[in-house]
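Below is one structure; the comments refer to it alone.
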Amino acid sequence: MALYIKSSDCISAQATFGSYLPEELINTDASFYNCIKPEYKKYISPKLLRRMSPIIRNGVSCSLSALQNAEIDNPDAIIVGTALGCIKDTTSFLTQLIEDNEALPNPTHFIQSTHNTIAGQLALLLKCSNYNFTFSQMHNSFECALLDAQLLLLDNEAKNVLVGGVDELTETSYELIKDLECYKDAKLGEGGAFFVLSSDESEVVFKGVSIINSSQCDFNDELQKYGLSIDDIDLVVAGDKFEDDPSYSDFHKTFAEKPYLWYKPFVGEFGTVSSIALYLGVKAIEDQSIPACWTKNKAKIEACNNVLIYNNVGGEQSLMLLSIN
Amino acid sequence: MSELKENLKKQLIEQLNLEDFEISDIADSDALFGDDGLALDSIDALEIIVLLEKEYGIKLDDPKKGKDIMTSVQTLSDFIESKR
Amino acid sequence: MSDTIVVTGIGVICSIGTNAQECFTSLVNEQSGIDSIQYLETVHKDKFKLGEVKRSNAELATMLDLPVSNVHKYSRTALLAMVSANEAFKMAVSVNGEKTTGIVSSTTVGGMDVTEKRFLKETGDNSYLQTHPCGDSSKEIAKYLNSTDYYTTLNTACSSGTNALIHGVRLLNHGIVDRVVVGGVDALTKFTLNGFNSLMILDEDYCKPFDADRKGLNLAEGGGYLVLERKNEVEKYLCQLRGFANANDAYHQTASSPNGDGAFKSMSEALKMSGIKASSIDYINVHGTGTQNNDLSEGVALNRLFGEGKVPSFSSTKSYTGHTLAGAAGIEAVFSVLSIINDVIYPNLNFSRPIEELKLVPNTKLIKNGGVKNVMSNSFGFGGNNSTVIFSK
């Protein structure tokens, strides 16, 4: 059974809620990237919005926008991936707790600190009583959510699944995580992307996602599982954090000559940034081109039929494959 | 408007992130909960309990008893006055 | 479900025991593990009772044959996860040999026990955050079990463990792995203790699930894991996994709906998948946290589904273990399996008077050899997240 990406939307430092990729990149001198804020009130009532931290606002509004694009009121499942979850409410609650020596921290921060607040708020807003999952596996959080969505659709338990990944970065959390080994020399960021994955036919075919938890990855083998070879790939969307990122040396050996889209230097590195990579892959197929500013090499895109999206952070690797219908 | 009531309104706006409200938008008798007025919910009720303890030193152990106290800014201020 | 899925291993650590046998003995002897605070450093030490695992981190490391000098590299969450997942895994391997093994774990606060001790202490060294993400303990399980296959983590608050099981079944059905370790874990933290305290849903005394005078829950810690495999590929198994479902109450971020809509939906859909009649359920291990809101809402859903006066024997084993958050569903799944293989129904402790509106009386005496064949287990969480699983002999 073929699966399709019926709609998608993204929140990032370069583009938020758009039908095209920007032709010019916004350069920022700040030490990390914050995403461009959409007009939240178009999607969420002020009554609910007042309590929502950035990750909840961004995740909920991006989801609602993706659902609108697909003209779906109530998805059969809501599946969210987030690496660090509601880190702002978590650090607020922790700070109060420690500074006031466990005297009366505010309950709202605790309530909103749970990772599944985004999916839970979506269920509330949409009055959606269906399947509602949240995955949190570091740099594969989005991929695990996507795999679950894929399996749910293949099991015929759903026709339209809302699936996405989102993370937030605040001044406090930036200071906390910037020195972690996996983020060495990377510019950090935040945001995410949401999709309606569907068994209804549309333009972009979702071939599948592979999650690999070892330092090795045989790209030929992996592509064969999807009936594709390296020659079939027209575009790669890869997660290099900077020029000559050592985590990508094997990948470069195989794919350096292919049209090569990279994005982490422009939107930043974070746990669910591969959701933005999938969004970029979808746009490339829909538009049959990508703006020059997003490409790493000068290879020309002839036709964009098969796109490989690859991410590797400290050995947590993933491959996602898209094709044109 | 009494100073206590004005302070209460300011604290409610801050603590409950009532971004769209000004002090002048809240009448003393406006319902805090329910569909009209401020339309607060049970999470706000917990926050008001914390506010009472932190700002006024009044401990409310049973959230159920809060219902009558938290009807409006007027009832809240009456309650605080009665405890002084 | 396409293939028949069976349980081939169980493992558990919580306040009433460090393995399945110890926990079972406590359950049949009506011994609660809830006690005054011994291990958690908190200003509320004399106020609340907790369900602590009576082992220090160093003792847990010793149980795992890990060098005690390295114990600071692990969160307590990861240590509890490794102990209980390893017990389940070893049991399955000893009977059915080695196989490609996935790990689907769950936790609500991950390595918060480490984070809260070091956060805001100006050391300039933030490496302690390595253990903070929810995914860390699952990765440690995979490392400890020498698995280089798929691992992941769910966090849907207190229903997490059942949702881990649901994702694990999908992995088996699609041949992604041949064996999967599923469950959940949480260590006690100041973060969760103060969090639940701020919601005013902690009982300072022993929790009284389904009692009219219930005042709240006792917070606790622990881990519980099952090993699942495809039935046609195993020599021996403990019981069958017959049905499951996840639904959302879509009512409130933390509270359950007065009609128990989410609970009703997850229980009915799990029953539908199992193909078992409601009247054939012999025992329900209820979510039963002991809070005003949960027990009333869950009880209303039970009456709606089974009919008033027809609700099967049920009890909340949280009256023994306390509420272990993401650990709860895994631990209670293990207790459900133990109920089937030993043919017992556990008593609900601390019950004296039924909730007025429900007239529901939990099972308060140990029932032996009553012919337990089908057991349902409920787990509900924040975000309106409701999950149900059904095991059969």
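Letters A, B, ... mirror the listed sequences (proteins, then strands); counts begin at 1.
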- Message: I'd like to know whether C:K47 forms a salt bridge (charged side-chain N to carboxylate O under 4.0 Å, His left out) with A:E102, so could you lay out the CA-CA distance, the side-chain angles of the two residues, the decisive distance to 0.1 Å, and finally the verdict.
- Response: CA-CA 13 Å; C:K47 188 174 178 196; A:E102 301 183 57; over 6 Å; no
- Message: Let me confirm one number: the CZ-CZ distance from A:F110 to C:F196, rounded to the nearest 0.5 Å.
- Response: 4.5 Å
- At a heavy-atom separation under 4.5 Å, does A:C128 approach chain C through its side chain, its backbone, both, or neither? backbone
- Which portion of A:I111 sits near chain C, non-hydrogen atoms under 4.5 angstrom: both
- Contact origin within A:N140 toward chain C - heavy atom pairs under 4.5 Å: neither
- Item | C:N246 side-chain N/O to A:N132 backbone N/O, donor-acceptor pair under 3.5 Å | yes
- Could you tell me which portion of C:N163 (side chain, backbone, both or neither) has an atom closer than 4.5 angstrom to a non-hydrogen atom of chain A? both
- Item | Proximity breakdown for A:E181 and chain C, heavy-atom pairs closer than 4.5 Å | both
- Item | Engaged part of A:S113 at the chain C interface, taking heavy atoms whose separation is under 4.5 Å | side chain
- Looking only at side chains, do A:Q137 and C:T153 share a donor and an acceptor under 3.5 Å apart? yes
- Item | chain C contact via A:I98 - which portion, at a heavy-atom distance below 4.5 Å | side chain
- Query: Would you say C:K121 has more than 12 foreign heavy atoms packed within less than 6.0 Å of its NZ?
  - Reply: yes
